Amino acid sequence: GEDVEQSLFLSVREGDSSVINCTYTDSSSTYLYWYKQEPGAGLQLLTYIFSNMDMKQDQRLTVLLNKKDKHLSLRIADTQTGDSAIYFCAVLSGGSYIPTFGRGTSLIVHP
Amino acid sequence: DAGVIQSPRHEVTEMGQEVTLRCKPISGHDYLFWYRQTMMRGLELLIYFNNNVPIDDSGMPEDRFSAKMPNASFSTLKIQPSEPRDSAVYFCASSLYNSPLHFGNGTRLTVT
């Protein structure tokens, strides 16, 4: 089955860019998602990209997809302390109804 | 749209007691999922339903866990008897086919 890997922690300074990386194993992936989880809350869909796209931009968020390397990244420009949260990568493989989630990356933003 | 609604938000119970967690999915969604989140294991899929029918319960840890979906707008996850190792945050999520999952705010369960 699909395996999705993320690093567990990322620490950045306020105002810098953050890049959260994710790798996956199934080349038949169709949809790739980024979720954000703030303390005490559920996972909130941030953005997603179709597998036939290389890039998607939405305000401060940029998603890059490298299908050859099976690598997905989320870039947050001008990171703010309010961006501190856990970010989950999730991949939906072809023929599956259920996305596979990574372990989540804790983003810590220092003032 | 009120989103996925879970209750209670927090539950503290003693070992051996029965616990029932509740979920109201987004109206019109035909898939419902129950997840468990812990520091050790991350996010684990316990069971999911399609059109109120359980499709895959292979993630349910033991027979002490059971889930039902009596209608399209309500699901329960029951643990009987509860044990301290069941302490976790339990999430319910719903979706349409091939669409992103929408999560509730979770139930934090503490079993003492």
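Keep in mind it's a predicted model, so treat the numbers as computed, not measured. Note on naming: letters A, B, ... go to the chains in the order of the sequence lines (proteins, then strands), and numbering restarts at 1 for each one.
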#### Entry: Leading residue by heavy atom contact count with chain A [cutoff under 4.5 Å; candidates B/Asp56, B/Leu43, B/Asn50, B/Asn98]
B/Asn98
### Message
Under a 3.5 Å threshold, yes or no: a donor from one side chain and an acceptor from the other, between A/Thr79 and A/Ser18?
### Response
yes
### Message
Tell me whether the rings of B/Phe103 and A/Phe101 are parallel (<30°), tilted (30 to 60°) or perpendicular (>60°).
### Response
perpendicular
### Summary
If you tally heavy-atom pairs under 4.5 Å between each of B/Gln37, B/Arg9, B/Arg108 and chain A, the highest tally belongs to B/Gln37
### Message
Between A/Leu43 and chain B, with a heavy-atom cut-off of 4.5 Å, which part of the residue counts as in contact: side chain, backbone, both or neither?
### Response
both
### Note: A/Asp26-A/Lys70 ion pair, threshold 4.0 Å (strictly below)
no
### Query
Relative to chain A, which segment of B/Gln6 carries a heavy atom at a distance below 4.5 Å: side chain, backbone, both, or neither?
neither
### A/Tyr31 ring center within less than 6.0 Å of A/Phe50 ring center
yes
### Task
Examine whether an atom of B/Ser99 lies under 4.5 Å from a heavy atom of chain A, and if so say whether it belongs to the side chain, the backbone or both; otherwise answer neither.
backbone
### Task
Identify which part of B/Arg41 has an atom lying under 4.5 Å from any heavy atom of chain A, answering side chain, backbone, both or neither.
backbone
### Summary
Whatever's closer than 4.5 Å to a heavy atom in chain A on B/Ile55 counts as neither
### Query
With under 30° as parallel and over 60° as perpendicular, where do the rings of B/Tyr31 and B/Phe33 fit, or are they tilted in between?
parallel
### Message
Less than 4.5 Å to any heavy atom of chain B: does that hold for the side chain of A/Gln37, its backbone, both, or neither?
### Response
side chain
### Message
Among A/Asp54, A/Asn52, A/Ile49, exactly one meets side-chain contact (heavy atoms from CB on, under 4.5 Å) together with A/Leu65. Which residue is that?
### Response
A/Ile49
